[in-house]
Amino acid sequence: MAFEIKTTNIELKKSLLKAKEDHFLDLKSTLIAPSKLQTHFVAFANTDGGELIVGIEDVSSLEERIKGFISPEDANEHINTLLSQTKPAVEGVEVEFLNFNKNGFVLRVIVPKSQHVHYTAADECYVRLNASTRRIRGEQITRLSYAKGSYSYERVPVPHVSAEEILESSYLSKYLEKIEAFQESEKFLKKQRLLIQHEGKLLPTVACVLLFDDEPQASLDTRCSIKVYRLQTTEREYKREHLVEMPSTIEGSLEEQINKVKSRVSELLEDVTINLGGKRTKLNYPA
């Protein structure tokens with residue numbers, strides 16, 4: 001493998017030796033196993049990116065701390081594990097060697113923040129938490145997928161709501177009538193990927209339930225209602241005592257919630273005035 005080799009100066013050497021491990025930088029010995037190095041590589045890619053410097057001993061070392069590879073080729077197994085065995089491969093990685101002459105070649109790997117969720121060759125997932133690398137499992141990986149946008153919660157099937165319940169919904173029939181759809185309701189929802197086959201059953205997705213279920217708040221495990229607060233304060237930060245009244249909870253299908261919120265906000269603003277040049281003027285916000 002051929003990578004860029006930079007001859008280092010005294011200032012860079014000093015900064016590397018003084019560098020503390022933090023969220024964006026990790027210093028490792030060349031003795032680290034490629035598989036172990038990969039866990040930190042994956043953690044950086046899954047979080048906010050960072051740099052791996054391989055060839056610097058721990059600060060507690062009593063000997064010379066910079067102990068690089070004898071030649072760049074000696075780091076081939078480490079580089080191959082990072083670039084070829086990470087699932088999926090991380091794009092945009094930069095690799096270079098810092099030449100410290102008699103102290104050898106220090107490997108520098110710049111890891112970008114990735115839009116995907118990455119796993120090691122052992123199918124393990126890691127993230128960076130403060131200055132440490134932590135393995136995550138199950139629901140934690142799912143949440144990471146949602147956060148990165150690589151997996152859409154709206155496309156998840158809802159197993160405890162039947163397709164028949166949605167097809168019989170009054171909201172669906174009204175919507176199809178409003179848009180003058182000529183397709184049957186089931187065919188329409190399938191075409192929009194709102195009804196999908198899952199484990200041999202035709203099931204609605206989360207998006208389908210939000211749009212057309214009579215009571216999506218009862219059907220979904222997550223919170224999907226809207227709260228409207230009215231506050232009596234001019235401060236950006238507010239406290240509970242600034243509440244004029246108890247918040248209103250708006251429920252129903254998505255379109256119904258939008259219409260109810262517009263009505264509720266208009267109602268709250270109906271009697272609100274502001275002082276302009278000593279004269280009270282009524283507020284008039286567009287819906």
Side-chain angles (χ1 to χ4, degrees), residues 1-129 131-137 141 144 148 150:
M1 296 182 182
F3 294 100
E4 184 177 2
I5 299 177
K6 292 185 176 180
T7 301
T8 58
N9 54 35
I10 296 175
E11 286 72 23
L12 176 58
K13 180 177 181 179
K14 287 180 179 178
S15 65
L16 286 176
L17 290 177
K18 288 182 179 179
K20 295 181 179 179
E21 292 184 14
D22 59 23
H23 188 62
F24 301 102
L25 177 66
D26 218 341
L27 309 179
K28 299 297 179 185
S29 166
T30 57
L31 298 178
I32 187 172
S35 59
K36 181 64 176 178
L37 183 65
Q38 189 183 37
T39 65
H40 304 291
F41 177 79
V42 165
F44 276 134
N46 282 337
T47 314
D48 294 316
E51 290 188 31
L52 286 172
I53 307 292
V54 185
I56 299 183
E57 300 295 323
D58 188 81
V59 68
S60 61
S61 175
L62 300 177
E63 302 176 1
E64 169 64 55
R65 286 190 61 203
I66 296 183
K67 288 186 177 181
F69 295 95
I70 296 174
S71 71
E73 288 73 20
D74 292 330
N76 280 355
E77 187 178 355
H78 291 79
I79 296 171
N80 180 64
T81 299
L82 302 185
L83 302 186
S84 303
Q85 298 181 32
T86 301
K87 310 172 190 176
V90 181
E91 298 178 359
V93 178
E94 296 181 37
V95 178
E96 66 181 20
F97 285 96
L98 306 175
N99 184 4
F100 283 96
N101 299 315
K102 65 183 180 67
N103 295 111
F105 294 88
V106 170
L107 172 64
R108 182 188 186 200
V109 182
I110 303 174
V111 190
K113 178 180 179 179
S114 176
Q115 296 179 340
H116 306 286
V117 176
H118 298 275
Y119 297 81
T120 65
D123 290 320
E124 295 173 347
C125 189
Y126 293 85
V127 293
R128 193 78 173 167
L129 184 61
S132 63
T133 294
R134 302 285 179 86
R135 184 182 177 185
I136 60 173
R137 299 175 173 85
I141 297 176
L144 179 63
K148 287 177 170 289
S150 57

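For the numbers below, each heavy atom of this structure counts, side chains included, while hydrogens, waters and symmetry mates do not.
If you take CD1 on I53 and CG on L107, they are separated by 8.0 Å, rounding to the nearest 0.5 Å. Remark: L27 CG to E51 CD distance equals 10.0 Å, nearest 0.5 Å.
Under the 3.5 Å distance criterion, the side-chain polar atoms of N103 are left unmatched by any main-chain donor or acceptor of K67. Of the possible polar contacts, one joining the T39 side chain to the K36 backbone as a donor-acceptor pair under 3.5 Å is found. Side chain of Q85 to main chain of T120: no donor-acceptor pair is present (N/O by atom type, distance under 3.5 Å, no hydrogens or angles).
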With side chain to side chain contact (heavy atoms under 4.5 Å, CB included) as the criterion, how do H40 and K28 come out once you've worked through the C-alpha distance, each side chain's angles and the decisive distance to 0.1 Å? CA-CA 10 Å; H40 304 291; K28 299 297 179 185; 3.5 Å; yes
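Residue pairs that meet the salt bridge (charged side-chain N to carboxylate O under 4.0 Å, His left out) test with at least one member in residues 81-95, sequence neighbours left out, are K87-D123.
Considering I141, I136, V117 as possible partners of N46, the one that fulfils the side-chain contact (heavy atoms from CB on, under 4.5 Å) test is V117. Each of F41, F105, F97, F69 was compared with H78 under the ring pair (Phe, Tyr, Trp, His ring centres under 6.0 Å) criterion, and only F69 meets it.
Side-chain contact between L37 and T81 is absent, with no heavy-atom pair separated by less than 4.5 Å.
Salt bridge present: E124 and R135 bring a charged side-chain N and a carboxylate O closer than 4.0 Å. Of the charged side-chain nitrogens involved, at least one lies within less than 4.0 Å of a carboxylate oxygen, so that R108 and E96 count as a salt-bridged pair.
When every heavy atom of I66 is checked against every heavy atom of E64, the shortest pair comes out as N-OE2, 3.1 Å. Residue V106 comes nearest to G55 through the heavy atom pair CG2-O, 3.9 Å, listed as atom of the first residue, atom of the second, then distance. Here the closest non-hydrogen pair linking A43 and T133 is CB-CG2, 3.6 Å. Nearest heavy atoms, V90 versus V93: O-CG2, 3.5 Å. Of all heavy-atom pairs between P112 and I110, the closest is CD-O, 3.7 Å. D26 and R128 make their closest contact through OD2-NH1, 2.9 Å (heavy atoms, listed as atom of the first residue, atom of the second, distance).
Side chains of H118 and T86: no donor on one and acceptor on the other come within 3.5 Å. Residues S29 and E57 have side chains that bring a donor and an acceptor to within less than 3.5 angstrom of each other.
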